[in-house]
Amino acid sequence: MSLEFPLPQGHTAGGGPLRIAVLSHLHHPIASPFLGGLEMHTSLMADELAARGHDVTLFAKVGSVSAARVVDVLPAAFEFRRGMPDDAMQAQQGTLDRALGLALDAVRDGSFDVVVNNSLSLQPYLKLADHPTLTILHTPPLPWIVDAVEQGRTAISPLHRFVSVSARNATGWAPHLPDLHVIHNGIRLSDWPAGTSRRPGTAVWAGRVTPEKGLHIAIDAARKAGMDLHFAGPVSDGKYFDRVIAPRLGPGVRHAGHLDHRELAAFLGSGEVFIASPVWSEPFGLTALEAMACGTPVAALPLGAMPEIIDADAGRVAAGLGADELADAMTAARGLDRSRVRRSAARFSAGAMVDSYEVHLRSLLQPEGLPSLAQPAGFSRPQSGSAEAALPLS
């Protein structure tokens with residue numbers, strides 16, 4: 001499903017350059033090899049805005065690389081960890097909060113026109129209420145934000161706008177946030193060349209190796225489909241890897257490591273099919289789109305935004321949540337025309353994404369704000385008190 005938003009009358013993507021502050025998620029540096037889609041998105045967005053002549057400042061962890069001006073707020077020695085005792089987790093969160101606080105202080109003192117918030121934190125809602133801010137929602141509803149809004153601990157500033165990376169992801173946020181819009185993630189197609197070294201009989205998978213990414217189902221599905229599986233990405237959950245993935249390793253299953261951008265493009269293009277196996281409501285799924293751009297058809301579990309970005313030219317969405325159904329989708333997808341797969345990916349361009357961001361950023365500086373835009377087909381704003389909007393999965 002492709003979502004297109006017409007520019008409202010009276011607003012254009014043109015105009016003079018803006019002074020833009022970008023708040024990153026501080027767990028990891030904004031640099032290749034990216035730890036996840038959020039880091040890749042932040043990098044691409046900041047670079048694209050800077051390339052358009054805007055004065056962009058990126059607040060990030062030491063080690064970040066950008067065409068924008070980078071302001072370091074968290075040392076390189078900081079390493080985000082999961083599964084620690086409660087006191088250690090609280091201390092870690094305190095470090096992150098103080099670092100983001102430094103960024104927010106700099107924003108308040110820096111004469112920025114607008115702020116782009118990719119931080120996943122409640123702090124910008126509280127401390128930037130008087131600053132025009134565009135928050136991009138990359139995750140399902142976060143309890144520390146939703147609870148604060150619903151319990152009245154923070155009001156939603158009229159100077160803040162919210163966009164979700166997919167219609168599916170928007171359904172969870174819609175009861176809690178006003179005037180919510182959808183702007184799909186995008187990529188530079190030129191960064192993901194069509195694969196020229198395809199390995200027949202080989203499926204590929206890429207992402208953080210964590211339970212919610214479902215690598216174990218991908219391995220089982222590849223074996224059922226009679227294909228080898230090569231997977232790439234950082235092992236972000238060692239216990240999951242040791243307990244669930246390691247026993248599944250063996251002939252035909254290979255870990256290619258954590259690849260930088262150029263290596264990842266070649267890797268994705270080498271597969272006969274790419275497996276997207278989220279076992280949670282994946283808000284978007286950038287690696288699936290990147291594989292499509294390389295011409296590699298996608299077989300996906302029917303969760304999150306997968307049915308939203310994978311059309312009949314790009315791949316097949318499994319009829320169920322198990323390895324058997326995913327194997328059937330792999331068999332159906334692997335023979336698709338790779339040139340048509342790549343053309344399908346072109347629906348989600350970085351240029352269109354940033355065009356839409358610019359419209360919203362400029363609207364925040366207009367006295368009348370941004371008129372409500374037509375919502376995409378399939379997106380239904382819930383009634384007050386409703387838990388979730390109805391959105392078909394296929």
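Because the structure is a prediction, the values reported are computed rather than measured.
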ask   = Going by atom types alone, do S164 and N169 pair a side-chain donor with an acceptor below 3.5 Å?
value = yes
ask   = Could you go step by step and tell me if S66 and D47 meet the side-chain contact (heavy atoms from CB on, under 4.5 Å) rule?
value = CA-CA 6 Å; S66 178; D47 286 355; 3.1 Å; yes
request  = Identify the heavy atoms of A314 and M292 that sit nearest to each other, and give their distance.
outcome  = CB-CE, 3.6 Å
request  = State plainly whether the residues R108 and D130 are in salt-bridge range, i.e. N to O under 4.0 Å.
outcome  = yes
inquiry  = Does either side chain, that of E39 or that of H27, offer a donor lying less than 3.5 Å from an acceptor on the other one?
reply    = no
ask   = Is the shortest distance from a Lys or Arg side-chain nitrogen in R254 or D228 to a carboxylate oxygen in the other one below 4.0 Å?
value = no
query = Roughly how far, to the nearest 0.5 Å, is the CE atom of M45 from the CD1 atom of I30?
reply = 9.0 Å
message = Side chains of R52 and V354, heavy atoms from C-beta outward: is any pair under 4.5 Å?
response = yes
remark   = For A167 and V182 the tightest heavy-atom approach is N-CG1, 3.7 Å
key: Salt-bridge present (R340, D337; N to O < 4.0 Å)   = no
inquiry  = Assess whether a salt bridge exists between E282 and R168, defined as any Lys/Arg side-chain N lying under 4.0 Å from an Asp/Glu carboxylate O.
reply    = no
inquiry  = If you define the side chain from C-beta out and look only at heavy atoms, does anything of N185 sit under 4.5 Å from L289?
reply    = no
ask   = Does a donor on one side chain and an acceptor on the other come within less than 3.5 Å for N117 and T135?
value = yes
Heavy-atom side-chain proximity of L301 to V317 below 4.5 angstrom = no
Those residues that, when tested against Y357, pass side-chain hydrogen bond (donor to acceptor under 3.5 Å, both in side chains) (two or more places apart) = H41
ask   = Does a side-chain heavy-atom distance below 4.5 Å link I217 with L326?
value = yes
inquiry  = For a 4.5 angstrom cut-off between non-hydrogen side-chain atoms, does L215 reach L229?
reply    = yes
request  = Measure the shortest side-chain to side-chain distance between V116 and I20 over non-hydrogen atoms and say whether it is less than 4.5 angstrom.
outcome  = yes
request  = Return the minimal non-hydrogen interatomic distance between S363 and H360, and the atom names on each side.
outcome  = OG-O, 2.7 Å
ask   = Looking just at side-chain N and O atoms, do R338 and T296 make a donor-acceptor pair shorter than 3.5 Å?
value = yes
query = Would a hydrophobic clustering, with Ile, Leu, Val, Met, Phe, Trp and Tyr connected at side-chain separations under 4.5 Å, put F34 with V165?
reply = yes
ask   = Taking C-beta and beyond as the side chain, do L102 and F59 meet within less than 4.5 Å on heavy atoms?
value = no
key: ILVMFWY cluster, W144 and W173 together (side-chain gap under 4.5 Å)   = yes
task = Given side chain to side chain donor-acceptor pair (under 3.5 Å), test S24 with N118 step by step and report yes or no.
result = CA-CA 5 Å; S24 70; N118 260 4; over 6 Å; no
query = Salt bridge between K224 and D324, side-chain N to carboxylate O under 4.0 Å?
reply = yes
query = Distance-only, no hydrogens or angles: does the T154 side chain make a donor-acceptor pair with backbone N or O of A148 under 3.5 Å?
reply = no
key: Validation row, ring centre H261 to ring centre W192 under 6.0 Å   = yes
message = For R188, I'd like to know if atom CZ has over 12 heavy atoms of other residues, nucleotides or ligands within 6.0 Å.
response = yes
ask   = Transitively linked via ILVMFWY side-chain contacts under 4.5 Å: L364 with V107?
value = no
ask   = Can we say D220 and R248 salt-bridge, meaning some charged N sits less than 4.0 Å from an Asp/Glu carboxylate O?
value = yes
message = For a quick check under 3.5 Å, do T331 and R334 share a side-chain donor-acceptor pair by atom type?
response = no
Donor-acceptor under 3.5 Å (H138 side chain, S119 main chain) = no
message = Between the side chains of D311 and R316, is the shortest nitrogen-to-carboxylate-oxygen separation below 4.0 Å, so that they form an ion pair?
response = no
inquiry  = Would the distance check show the side chain of E150 and the main-chain N or O of D147 forming a donor-acceptor pair, the cut-off being under 3.5 Å?
reply    = no
ask   = Given the rule in the side chain to side chain donor-acceptor pair (under 3.5 Å) test, do Q93 and D97 qualify, once you have shown the distances and angles that lead to the verdict?
value = CA-CA 6 Å; Q93 188 59 50; D97 288 344; 2.9 Å; yes
key: Side-chain donor or acceptor of K213 paired with backbone N/O of A276 under 3.5 Å   = no
Flag, side chain of R19 to backbone of S111, donor-acceptor distance under 3.5 Å = yes
key: Partner of L104 by side-chain contact (heavy atoms from CB on, under 4.5 Å), out of L128, V73, V115   = L128
key: Short side-chain to backbone donor-acceptor contact, R347 and S344, under 3.5 Å   = yes
request  = Following the transitive rule for hydrophobic clusters with a side-chain heavy-atom cut-off under 4.5 Å over Ile, Leu, Val, Met, Phe, Trp and Tyr, establish whether L249 and V209 coincide in one cluster.
outcome  = yes
remark   = Output for pair (L264 CG, S32 OG), nearest 0.5 Å, gives 8.5 Å
ask   = Between L23 and A103, which heavy-atom pair has the shortest distance, and what is it?
value = CD2-CB, 4.1 Å
note = The reported gap from OG1 in T42 to CG in L44 (rounded to nearest 0.5 angstrom) is 9.5 Å
note = So ring-ring contact (aromatic ring centres under 6.0 Å, His included) across residues 305-343, not counting sequence neighbours, yields none
query = Hey, are the side chains of R223 and V253 touching, using non-hydrogen atoms and a 4.5 Å cut-off?
reply = yes
ask   = Do S64 and D72 pass the side chain to side chain donor-acceptor pair (under 3.5 Å) test, and can you show the C-alpha distance, the side-chain angles, and the key distance before you say yes or no?
value = CA-CA 8 Å; S64 297; D72 300 322; 5.7 Å; no
request  = Would you mind checking if D55 and R69 are paired as a salt bridge, meaning a charged N to carboxylate O distance below 4.0 Å?
outcome  = yes
ask   = Can you list every pair that meets ring-ring contact (aromatic ring centres under 6.0 Å, His included) and has a residue in residues 272-325, with sequence neighbours left out?
value = H184-F284
inquiry  = Between E325 (side chain only) and G322 (backbone N and O only), is there a donor and an acceptor less than 3.5 Å apart?
reply    = yes
query = From M330 CE over to I275 CD1, what is the distance, rounded to the nearest 0.5 angstrom?
reply = 3.5 Å
